[in-house]
Amino acid sequence: MQQFLNTETLIIELLLIASLVAIVVRRLHIPYTVALVVVGLFLTTQSPLNFELTPELILALFVPPLVFEAAFHLNLTELRRNLTSILLMAVPGVLLTTLIVGGIVSFGTGLALPIALVFGSLVAATDPVAVVSLFRLLGVPKRLSVLVEGESLLNDGTALVLFNLMLAIVITGEFNLLSGVLEFIKVSLGGIMLGLLLGWIISRLISRIDDYLIEITLTTVLAYGSYLLAEQMHFSGVLAVVAAGLITGSLGPQGMSPTTRIVLFNFWEYITFLVNSLVFLLIGLDVDIWALFQSWQPIAWSIGAVLVARIIVVYGLGWITNRISEPVSLRWRHVIAWGGLRGALSLALALSLPATFGDDRFLLRTMAFGVALFTLLVQATTMRPLVRMLGIITTTPVQVEYEQRHARLNALKSAEVHIERRYREGLISTPAWERIKPKLQTQTALLADSVRQLLRVEPKLESEELELARREILRAQRSAYLGMRSDGVISEEIFETLTSEIDAALENEDETFWYVPQESLPQRLNEGLSGSATVSDVVVDSGAACDGQQVMDIQWPKHFVIASIKRGSQVIIPKGNTILLANDLLTMVGENSSIEEARQFCEKRSVSL
């Protein structure tokens with residue numbers, strides 16, 4: 001009982017320390033993981049509690065949530081686009097890293113080659129948590145972020161499989177190349193197939209419910225369950241979690257309400273925060289800081305070996321990938337090479353080394369922590385100036401200013417709605433409301449005008465916002481279909497048909513801002529339609545043929561319809577007696593030839609009615 005209370009006390013203390021560190025780093029603007037390492041080093045000067053984790057518990061407790069969260073949030077479309085480059089870095093790259101690091105460390109430290117190869121495999125996996133968070137802050141191109149994160153995600157699995165193989169060689173003293181390769185393939189493919197199956201099953205369950213408590217529970221069961229089941233079947237638990245996370249992250253959120261998505265994403269973000277904090281702080285309790293100084297030569301050799309291996313792998317394999325897939329620029333290669341940090345997985349594997357390694361076990365753990373310490377304190381902290389120096393940042397001053405103005409506008413609108421609600425509830429008097437309302441409306445109008453001004457300067461900002469809005473509209477439609485199916489309004493067959501249309505639209509980034517399929521258009525538009533209907537927005541010029549005319553008085557072409565009219569902030573569904581005015585924005589649907597003919601009525605030229 002006393003041991004349990006000691007363990008519980010330690011966990012609470014670590015969580016409190018992690019929270020305090022997070023508060024401090026928000027003010028200092030340094031990566032959170034870097035601050036955790038510093039705190040972990042400080043903790044090594046204290047008398048550590050007698051807290052021993054078994055190797056199996058370390059891997060089963062820490063690895064699944066870290067891997068699942070990364071896979072869950074990775075864009076599957078972007079991953080497929082860059083799969084060739086990522087696979088080369090994650091499979092041959094891990095093998096090369098293990099061999100290069102093992103060879104250099106064995107030569108420099110005098111460790112037996114098999115022991116050195118175990119070390120090479122446990123530091124082969126990259127963990128760019130600090131780098132990816134910095135990428136998001138700086139506005140680095142999305143593809144570069146996917147390359148770094150995708151490599152880390154997949155090499156976690158291959159590195160762990162390779163680590164277990166190397167560990168078995170050292171323990172048994174036997175090695176057979178053919179059986180090793182076959183075992184690697186069996187363990188890897190078995191884990192991937194099992195993860196895909198379990199991920200698909202859980203995704204189908206999630207698509208049929210809309211209860212965030214149940215969905216969080218299902219994803220938690222999937223993250224840990226896929227790992228445990230794969231390990232029991234002697235497959236790769238990490239690759240099973242990777243596959244399950246990718247499938248669930250791609251298919252699961254499609255049927256979720258916006259609230260459920262937010263709660264689920266926040267939950268996994270918190271779990272990752274928790275696990276990363278515990279991993280680094282427990283290392284701090286377990287490693288003697290003076291041992292780092294005493295082992296500075298082996299640590300220096302290991303750091304040099306990791307850097308050399310990273311350079312050979314990134315630039316060597318990069319030469320190959322540029323010839324068989326979409327090229328990656330040399331500037332991006334510099335960032336990928338320097339962004340190969342080592343973190344939670346390497347440290348967890350180091351902690352899991354069995355006692356049969358003897359004195360080498362403590363040395364390997366000290367070297368692993370030294371490598372992680374260098375990558376986090378040196379590489380992570382210098383990534384920002386490197387990215388800026390290479391000119392990779394895509395966020396312009398105009399974009400920053402737009403985000404600030406847009407955020408202020410939304411905040412002021414929300415404040416106006418809140419104050420108006422309190423007025424209607426009788427919590428604010430009428431005289432006070434009559435004084436507040438015009439002031440808020442004036443400031444809102446000024447901010448809205450400043451946002452429009454920036455959009456005119458940078459039209460790309462508006463197109464990005466429209467694309468985001470389009471995708472949110474599609475997701476909202478999918479959630480509505482889910483509700484209608486649950487209420488029995490539509491059948492399962494109709495639900496599958498409608499949601500497949502939504503999924504296809506979500507996959508297509510160039511999809512027109514239009515949501516009505518051709519078969520649902522009015523009969524007068526569909527009859528005789530020779531091709532597919534297209535959508536176009538046309539502005540009515542002042543003095544055009546249709547300016548000031550009723551819709552029914554104009555001889556519009558066949559197979560054509562005006563879907564809507566935008567007049568200022570008002571959207572009008574037109575009728576026959578609707579009068580068209582200058583500056584109206586008409587959303588037209590029809591064949592290309594019909595739309596071009598109708599466009600002539602909206603332009604300032606002489607056209608007979």
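Just so you know, these numbers use all the heavy atoms, side chains as well, and skip hydrogens, waters and symmetry mates. Keep in mind that this is a model prediction, so the values were computed, not measured.
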Give the table of side-chain donor-acceptor pairs shorter than 3.5 Å for residues 412-427, with sequence neighbours excluded, one pair per line with atom names and distance.
| from | atom 1 | to | atom 2 | distance (Å) |
| --- | --- | --- | --- | --- |
| Ser414 | OG | Asn410 | O | 3.0 |
| His418 | ND1 | Arg421 | NH2 | 3.2 |
| Glu420 | OE2 | Arg424 | NH2 | 2.7 |

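For the pair Asp547 (side chain) and Ala582 (backbone), a donor-acceptor distance under 3.5 Å is present. The main-chain N or O of Val148 is never found under 3.5 Å from a side-chain atom of Ser152 such that the two would form a donor-acceptor pair. Using modelled atom types, no side-chain atom of Thr248 and backbone atom of Gly245 make a donor-acceptor pair closer than 3.5 Å. In this structure a side-chain-to-backbone donor-acceptor pair under 3.5 Å is present from Trp556 to Val551.
Atom CD of Gln549 sits about 13.5 Å away from atom OG1 of Thr578, to the nearest 0.5 Å. In this structure, the separation between CZ on Arg408 and CG on Leu446 is 13.5 Å, given to the nearest 0.5 Å. To the nearest 0.5 Å, atom CG of residue Asp541 and atom CG of residue Asp584 are 11.5 Å apart. Here Glu215 contributes atom CD and Thr220 contributes atom OG1; the two are 11.5 Å apart, rounded to the nearest 0.5 Å. Taking CG of Leu218 as the start and CG of Leu205 as the end, the distance is 6.0 Å to the nearest 0.5 Å. Atom CG of Leu197 and atom OG of Ser226 lie 11.0 Å apart (nearest 0.5 Å).
Shown here is Trp200, whose CH2 atom has no more than 12 heavy atoms of other residues, nucleotides or ligands within 6.0 Å. By the 6.0 Å contact criterion, CD on Gln550 is enclosed, its count of non-hydrogen atoms from other residues, nucleotides or ligands being greater than 12. In Asn583, the CG atom is not crowded: 12 or fewer heavy atoms of neighbouring residues, nucleotides or ligands sit closer than 6.0 Å.
The two atoms that bring Ile428 and Trp433 nearest to each other are CG2-N, 4.1 Å, heavy atoms only. Closest approach of Ile247 to Gly199, counting heavy atoms only: CG2-C, 3.6 Å. Contact between Val238 and Tyr227 at its shortest, heavy atoms only, is N-CD1, 3.8 Å. For the pair Ala598 and Met588, the tightest heavy-atom approach, listed with the atom from each and the gap, is CB-SD, 4.0 Å. Pairing each heavy atom of Cys602 with each of Val538, the nearest pair is CB-CG1, 3.7 Å. Taking both residues in full, the closest heavy atoms of Pro65 and Thr272 are given as O-OG1, 4.3 Å, listed atom of the first, atom of the second, then distance.
By the 4.5 Å heavy-atom criterion applied to side chains, Trp268 and Ile216 are not counted as neighbours.
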Candidate pair Met383 and Val335, rule side-chain contact (heavy atoms from CB on, under 4.5 Å), full reasoning | CA-CA 8 Å; Met383 182 59 70; Val335 174; 3.9 Å; yes
Check step by step if side-chain contact (heavy atoms from CB on, under 4.5 Å) holds for Leu409 and Arg405.
-> CA-CA 6 Å; Leu409 176 60; Arg405 294 186 189 183; over 6 Å; no
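Remark: aromatic rings of Phe68 and Tyr224 are distant, center separation not under 6.0 Å.
Remark: of the listed residues Leu585, Leu581, Thr587, Leu580, Leu580 is the sole one forming a side chain to side chain contact (heavy atoms under 4.5 Å, CB included) with Ile565.
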